[in-house]
Student: 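To start, I am sharing the structure in question, which I have written as structure tokens.
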2 protein chains.
Amino acid sequence: MGLSYAEENYLKAILKLSGSPDGTVSTNAIAAQLDTSAASVTDMLKKLSDKELITYQRYKGASLTDDGQRIATTLVRKHRLWEVFLVQSLGMTWDEVHEIAEELEHIQSDRLIDRLDHFLGHPKFDPHGDPIPNAQGKYTLRAQIPLSELKPGQEGIVIGVREDETSFLKHLNEKGLTLGKSIKVITNDDYDNTLSLQVEGHELNLSGKVARNIMIKTT
Amino acid sequence: MGLSYAEENYLKAILKLSGSPDGTVSTNAIAAQLDTSAASVTDMLKKLSDKELITYQRYKGASLTDDGQRIATTLVRKHRLWEVFLVQSLGMTWDEVHEIAEELEHIQSDRLIDRLDHFLGHPKFDPHGDPIPNAQGKYTLRAQIPLSELKPGQEGIVIGVREDETSFLKHLNEKGLTLGKSIKVITNDDYDNTLSLQVEGHELNLSGKVARNIMIKTT
DNA sequence: AGCTCAATTTAGAGTAATCTAAAAAATATT
DNA sequence: AATATTTTTTAGATTACTCTAAATTGAGCT
Ligand SMILES: [Mn+2]
Ligand SMILES: [Mn+2]
Ligand SMILES: [Mn+2]
Ligand SMILES: [Mn+2]
């Protein structure tokens, strides 16, 4: 029997937040990620723990079990494959696909996803530059560095973003800072990483907050 | 604010069942269609009535309002477009797409559906031969007659099925009776419409129950 | 070691969707 | 017209998910 959308969203949130060593995630971090109350999170952590998808001890945080990790990774795979479909096949823009994929990722059918993956040509990255896990849960890592950490004079290519909210991506569209663009840093403020850079002949100013969410492959 | 999946499924069921003159549908008919209890149906009819998506009087059945009709028709459009996608683009078979489309139809995004429609080339019929409403809710009707009503000697082409359950469609696959096939009736039992017919050189026997769910365009 | 405060959990409650069993209304039969 | 049967509704519960407010726990600081 499958999981509910809510259970799946929690697993995905825990995976996203568990970058740390042992991968333990706090109740409040999950609540913030899912924009829900800490009390709701506690309830759900008990349920997921009963189903052995996470390990959880009161007051000690949660981490994914192997089963939980596998399920969460599959959700990420589905989310990102659908995003590729929406952009590549349907011609939607990178700023409008995340919310839709947030629903599509819950469609239940392994066969569907394998077919979709095949149809799309086994893409390795989604429209935001995030890696797509394969059917075995493995994915490609790339050397990348936040734009905010580049020194004046350094050059590179935009290969990803760390944030997929519509407002952020629309902002980048307006600045012309989309995937694949070549950039060169002119100045980078020591204090708050306010940047000026060169993109396709134009000069551009960016806040440190924005620059920290743009990932660069240096050239 | 959007409707829940349950509310949408009820609207779709009412549309499907309201072929009659005024289009009034009984509580039990809906319960049977959705495989749920009559008590649950009554609860939901009250809710949909409050939202003015149906007209409903106790003990008198329900019918769609214009708003309800519009929403239900859009759901049918989405369901059938997704079925076309699954078969045409992903190469799935007509017997495995209905259940998946039952979920996909609830994805919320008008823009997505318009893009999908465009991507698929504005198809007029789904993989079961059912017409696909356009964005305005209009669809093409075709002259068709149940195979069970053909007389011995009559010929035609399979242009649709009235039932999209997997088991039924798999049965047709085994018999080689798929969309587009040419058939010729040899015998048709007066009492129960047990048929024998000619398909691609082979002779085939069908129960009346099956024959009543296969739609033919006579030639 | 004890105190303080933030993080977390528990308590209690609400909404949505569903069920079974009992009551009421409508329809069919005699 | 009265009675029997079927259909539909109501009553009362259950499960899943969520919330706010109150209680508890644990970690950091004197
Ligand atoms: Mn996304
Ligand atoms: Mn989601
Ligand atoms: Mn279908
Ligand atoms: Mn559905």
Side-chain angles (χ1 to χ4, degrees), chain A residues 1-14 17-18 20-64 68 71-72 75 102-103 105-106 108, chain B residues 1-14 17-18 20-64 68 71-72 75 102-103 105-106 108:
Chain A
M1 195 212 44
L3 301 174
S4 70
Y5 284 23
E7 289 169 326
E8 291 192 337
N9 284 334
Y10 273 89
L11 288 179
K12 204 154 62 82
I14 295 168
L17 295 169
S18 63
S20 53
D22 60 345
T24 283
V25 179
S26 76
T27 300
N28 269 357
I30 298 168
Q33 171 71 30
L34 293 177
D35 195 25
T36 189
S37 73
S40 300
V41 174
T42 299
D43 282 351
M44 185 58 93
L45 292 183
K46 281 180 198 159
K47 199 194 312 186
L48 293 174
S49 182
D50 287 346
K51 297 193 176 186
E52 298 188 47
L53 299 173
I54 62 171
T55 55
Y56 166 65
Q57 291 181 78
R58 277 158 65 261
Y59 295 102
K60 295 286 180 68
S63 61
L64 295 169
I71 293 170
L75 285 165
E102 204 57 48
E103 298 184 50
E105 70 193 3
H106 302 289
Q108 290 294 3
Chain B
M1 198 211 43
L3 302 173
S4 70
Y5 283 23
E7 289 170 324
E8 292 192 338
N9 284 334
Y10 273 89
L11 289 179
K12 204 155 61 84
I14 296 168
L17 295 169
S18 63
S20 54
D22 61 342
T24 283
V25 180
S26 75
T27 299
N28 269 357
I30 298 168
Q33 172 69 31
L34 294 177
D35 195 26
T36 189
S37 74
S40 300
V41 174
T42 298
D43 283 350
M44 184 60 92
L45 292 183
K46 283 180 197 157
K47 200 196 310 189
L48 293 174
S49 182
D50 287 346
K51 296 193 176 185
E52 298 187 50
L53 299 173
I54 63 171
T55 56
Y56 165 65
Q57 291 181 79
R58 276 158 65 259
Y59 294 101
K60 295 287 180 65
S63 61
L64 294 170
I71 293 171
L75 285 164
E102 203 58 47
E103 298 184 51
E105 71 194 3
H106 302 289
Q108 290 294 2

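A, B, ... follow the sequence lines: proteins, then strands. Residue 1 opens every chain. Bear in mind that the values here come from a model prediction, so they are computed numbers and not experimental data.
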Student: Mind calculating the distance between NZ (Lys51(B)) and P (dT15(C)) to the nearest angstrom?
Tutor: 14 Å
Student: Round to the nearest Å and state the distance from Tyr56(A) atom OH to dT8(C) atom P.
Tutor: 9 Å
Student: Test of understanding: with salt bridge (Lys or Arg N to Asp or Glu O under 4.0 Å), list the residues that count as partners of Glu105(A), not counting sequence neighbours.
Tutor: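 Expected list: Lys12(A).
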Student: Roughly how far apart are Leu53(B) CG and Leu11(B) CG, rounded to 0.5 Å?
Tutor: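 CG of Leu11(B) is found 5.5 Å from CG of Leu53(B).
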Student: Ignoring hydrogens and angles, write down the donor-acceptor pairs under 3.5 Å from the side chains of residues 55-63 of chain B, residues two or more places apart or on other chains.
Tutor:
residue	atom	partner	partner atom	Å
Thr55(B)	OG1	Ser63(B)	O	3.4
Thr55(B)	OG1	Ser63(B)	OG	2.8

Student: Answer with base, sugar-phosphate or nothing: what part of the nucleic acid does Tyr10(A) contact at a heavy-atom distance below 4.0 Å?
Tutor: sugar-phosphate
Student: Please enumerate all residues that pass side chain to side chain donor-acceptor pair (under 3.5 Å) together with Ser40(B), with sequence neighbours excluded.
Tutor: Ser37(B)
Student: Please state whether the phosphate of dT9(C), meaning OP1 or OP2, lies under 4.0 angstrom from any side-chain nitrogen or oxygen of Thr27(A).
Tutor: yes
Student: Considering only heavy atoms, which members of residues 34-46 of chain A lie under 4.0 Å from some atom of DNA chain C?
Tutor: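 DNA chain C contact set from residues 34-46 of chain A: Ala38(A), Ala39(A), Thr42(A), Lys46(A).
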Student: Could you work out, with side-chain contact (heavy atoms from CB on, under 4.5 Å) as the rule, every residue matching Ala38(A), not counting sequence neighbours?
Tutor: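 With sequence neighbours excluded, Ala38(A) shows a side-chain contact (heavy atoms from CB on, under 4.5 Å) to Thr27(A), Asn28(A), given in chain and number order.
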Student: Name all residues meeting the salt bridge (Lys or Arg N to Asp or Glu O under 4.0 Å) criterion together with Glu8(B); count only those two or more places apart in sequence or in a different chain, and write none if there are none.
Tutor: none
Student: If a protein heavy atom is under 4.0 Å from the base, mark B; if only from the sugar-phosphate, S; if neither, -; do that for nucleotides 22-27 of chain D going 5' to 3'.
Tutor: --BSS-
Student: Could you tell me the separation between the OH atom of Tyr5(B) and the P atom of dT18(C), rounded to a whole number of Å?
Tutor: 14 Å
Student: Report the distance from atom CG of Asn9(A) to atom P of dA16(D), rounded to the nearest whole Å.
Tutor: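 Atom-to-atom, Asn9(A) to dA16(D), this comes out as 17 Å.
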Student: When the distance from CG of Asn28(B) to C1' of dT5(D) is rounded to whole Å, what number comes out?
Tutor: 13 Å
Student: Considering residues at least two apart in sequence or located in another chain, which fulfil the salt bridge (Lys or Arg N to Asp or Glu O under 4.0 Å) criterion with Lys51(B)?
Tutor: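 Once residues adjacent in sequence are excluded, the partners of Lys51(B) under the salt bridge (Lys or Arg N to Asp or Glu O under 4.0 Å) criterion are Glu7(B).
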Student: Could you tell me which residues satisfy salt bridge (Lys or Arg N to Asp or Glu O under 4.0 Å) with Glu52(A), sequence neighbours excluded, listed by chain and number?
Tutor: none
